[in-house]
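Let me begin by presenting the structure, written as structure tokens, before commenting on it.
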There are 2 protein chains.
Amino acid sequence: MRILLVEDESQLLNAYVKGLKQDGYAIDTAGDGASAVELCEINTYDLVVLDINLPKLNGIEVLKQVRTLNKSVKIIIVSANRSIEQRIEGLDLGANDYLTKPFDFQELRARIRALLRRDFISQPKVLTINDFNIDLNLHQITYQGKMILLTLKEYTILTYLIQNRERIISSEELLEKCWNDEADPFSEAMRVHIYALRKKIQEATQRDDVIQTVKGVGYRFNP
Amino acid sequence: MRILLVEDESQLLNAYVKGLKQDGYAIDTAGDGASAVELCEINTYDLVVLDINLPKLNGIEVLKQVRTLNKSVKIIIVSANRSIEQRIEGLDLGANDYLTKPFDFQELRARIRALLRRDFISQPKVLTINDFNIDLNLHQITYQGKMILLTLKEYTILTYLIQNRERIISSEELLEKCWNDEADPFSEAMRVHIYALRKKIQEATQRDDVIQTVKGVGYRFNP
DNA sequence: ATTTCGCTTAATATTAACTTAATATACGCT
DNA sequence: AGCGTATATTAAGTTAATATTAAGCGAAAT
């Protein structure tokens with residue numbers, strides 16, 4: 001899952017980035033409205049967190065343009081007071097949620113998860129699929145109760161595959177959703193991660209068909 | 001665990017702060033209602049002790065606003081007479097407990113622990129996990145009966161990890177829960193404490209995997 | 001006033017995660 | 001079958017996160 005954070009207070013921004021990366025999202029950031037719109041032109045985000053008080057380009061204008069570029073992206077508006085929230089609602093600009101500053105990071109986290117889960121097959125915080133148990137709060141994946149210790153990137157990839165297990169995920173999609181802007185599109189890095197993942201999964205489950213390869217198409221999770 | 005004390009008699013306040021810090025809580029204080037609300041806007045407390053007789057902003061108003069800002073915070077109301085207590089109950093403002101002045105500090109201490117323990121896995125005053133024994137009354141942690149001598153901060157960190165041992169705790173969360181307002185969010189202090197803790201634990205247990213690092217995610221207690 | 005102790009700061013070292021790159025294997029196609 | 005392309009495997013290199021160490025500071029204790 002890929003998220004764009006638009007916020008001009010860089011200290012706040014850094015805190016959010018760190019927190020959300022831990023949840024396995026690929027994060028890009030923009031410090032002003034113009035670069036936010038630019039990034040949305042280049043990339044496809046699943047969600048944008050947009051502080052409405054921005055330099056260079058009025059926040060409401062940014063919202064309009066981002067929505068025009070991508071009808072399905074989820075947008076969370078952050079504003080300093082509730083009246084702005086009401087004004088945006090009134091304008092019907094298609095924001096999906098609102099947060100009034102100041103707010104707790106856990107609150108933001110919960111709202112992001114709530115918005116993104118609608119895209120998934122079904123999404124409680126803990127899901128059990130056959131012998132697998134995925135706890136999105138704890139970043140923990142177990143097989144028959146046995147914990148599979150994964151790195152951040154491995155966890156990101158595997159949960160993406162799991163949450164979209166009814167589809168075959170192309171490597172392009174995986175790269176798009178699990179990496180941010182800085183990712184090299186020709187990199188083989190993903191394959192190495194898939195390899196490491198399979199190795200750990202094989203160790204825990206004694207099975208080697210959990211991540212299936214569909215040649216020329218992509219990967220899929222086979223529980 | 002992080003607590004806000006709201007009380008205008010500064011002598012009383014200081015006594016509470018001292019006593020509760022000894023119990024390993026991170027304490028912030030406010031002398032009037034306005035600054036209490038302000039602090040609640042900025043920080044996420046686990047518990048607020050609120051004296052209802054306050055200058056600047058009526059105590060009941062403070063209670064309302066604090067509750068609006070954070071639905072899950074525990075609130076203990078301190079008042080001079082029981083009728084106020086009944087009035088608040090009648091208004092259904094979501095206080096979790098009441099104390100009538102004058103009261104014994106030990107009474108306050110016990111009620112705080114009682115309210116906070118509901119968040120934990122299960123929380124008697126003494127818990128035994130494998131060879132570890134944690135006595136929250138005495139602030140003593142032993143391994144196979146052998147006492148591990150810890151400083152206050154070490155004790156605070158370790159008990160937080162122990163009481164949330166089913167989760168991986170990020171350094172942000174640890175900082176939020178074990179330090180108060182004055183903590184520098186970019187400080188490396190926590191790492192130094194973790195190091196000291198590990199050293200003492202290693203000495204006592206001969207094991208060096210008791211506090212596990214999950215890189216990019218956080219720490220966890222592994223009994 | 002001096003010492004001790006707990007906490008923090010800051011500089012440096014170490015380690016694990018991630019990426020790169022080179023080589024090997026597997027698969028589908030004619 | 002044999003060729004070409006896609007993917008797997010391995011090892012080595014780079015980067016970012018965390019660990020370690022020593023020094024400094026201030027509050028409490030002697």
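First the proteins, then the strands, lettered A, B, ... as listed; each starts at 1.
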Look at the side-chain N and O atoms of Thr151(B) and state whether any lies under 4.0 Å from the OP1 or OP2 oxygen of dC5(C).
-> no
Can you tell me how far P of dA17(C) sits from CE of Met190(A), to the nearest Å?
-> 20 Å
Would you kindly compare Val214(B) and Glu188(A) by the position of their nearest DNA chain D nucleotide and give the one closer to the 5′ end?
-> Glu188(A)
Could you state the atom-to-atom distance from CD of Gln212(B) to P of dT15(C) in whole Å?
-> 18 Å
Rounded distance (Å) that lies between atom C1' of dT18(D) and atom CG of Leu174(B) = 14 Å
Separation of atom CG in Leu150(B) from atom P in dC7(C), rounded to whole Å = 10 Å
Under 4.0 angstrom between Thr213(B) side-chain N/O and dT18(D) OP1 or OP2 | no
Rounded to whole Å, the CG-P distance (Asn180(A) to dA16(D)) equals 11 Å
Nearest whole angstrom, please: distance from the C1' of dG6(C) to the NE2 of His139(B).
-> 16 Å
side-chain N/O Arg191(A) vs dT9(D) OP1/OP2, d < 4.0 Å = no
Nearest whole angstrom, please: distance from the P of dG6(C) to the NE2 of His193(B).
-> 11 Å
Residues Arg198(B) and Asp208(B) bridged, charged N to O under 4.0 Å = no
The residue, Trp179(B) or Lys215(B), whose nearest nucleotide of DNA chain C is more 5′ is Trp179(B)
Can a salt bridge be assigned to the pair Asp51(B) and Lys101(B) using a cut-off of 4.0 Å between side-chain N and carboxylate O?
-> yes
Can you label the angle between the Tyr16(B) ring and the Phe103(B) ring as parallel, tilted or perpendicular, going by 30° and 60°?
-> parallel
Phosphate OP1/OP2 of dT7(D) contacted by Tyr195(A) side-chain N/O (<4.0 Å) | no
OP1 or OP2 of dA8(D) sitting under 4.0 Å from any side-chain N/O of Tyr219(A)?
-> yes
Give one of base, sugar-phosphate or nothing for Tyr155(B), where a contact means two heavy atoms less than 4.0 Å apart.
-> nothing
Charged N to carboxylate O below 4.0 Å: is that the case for Arg111(B) and Glu107(B)?
-> yes
Can you tell me the distance, in whole Å, between the CD atom of Gln22(A) and the P atom of dA16(D)?
-> 16 Å
With a 4.0 Å cut-off on heavy atoms, is Leu152(A) in touch with a base, just the backbone sugar-phosphate, or nothing at all?
-> sugar-phosphate
Are any of the side-chain nitrogens in Arg2(A) or Asp46(A) under 4.0 Å away from the carboxylate oxygens of its partner?
-> no
Could you pick out which residue, Lys199(A) or Gly218(A), lies toward the 5' side of DNA chain D when each is mapped onto its nearest nucleotide?
-> Gly218(A)
Of Asp184(B) and Ser187(A), whose closest DNA chain C nucleotide lies nearer the 5' terminus?
-> Asp184(B)
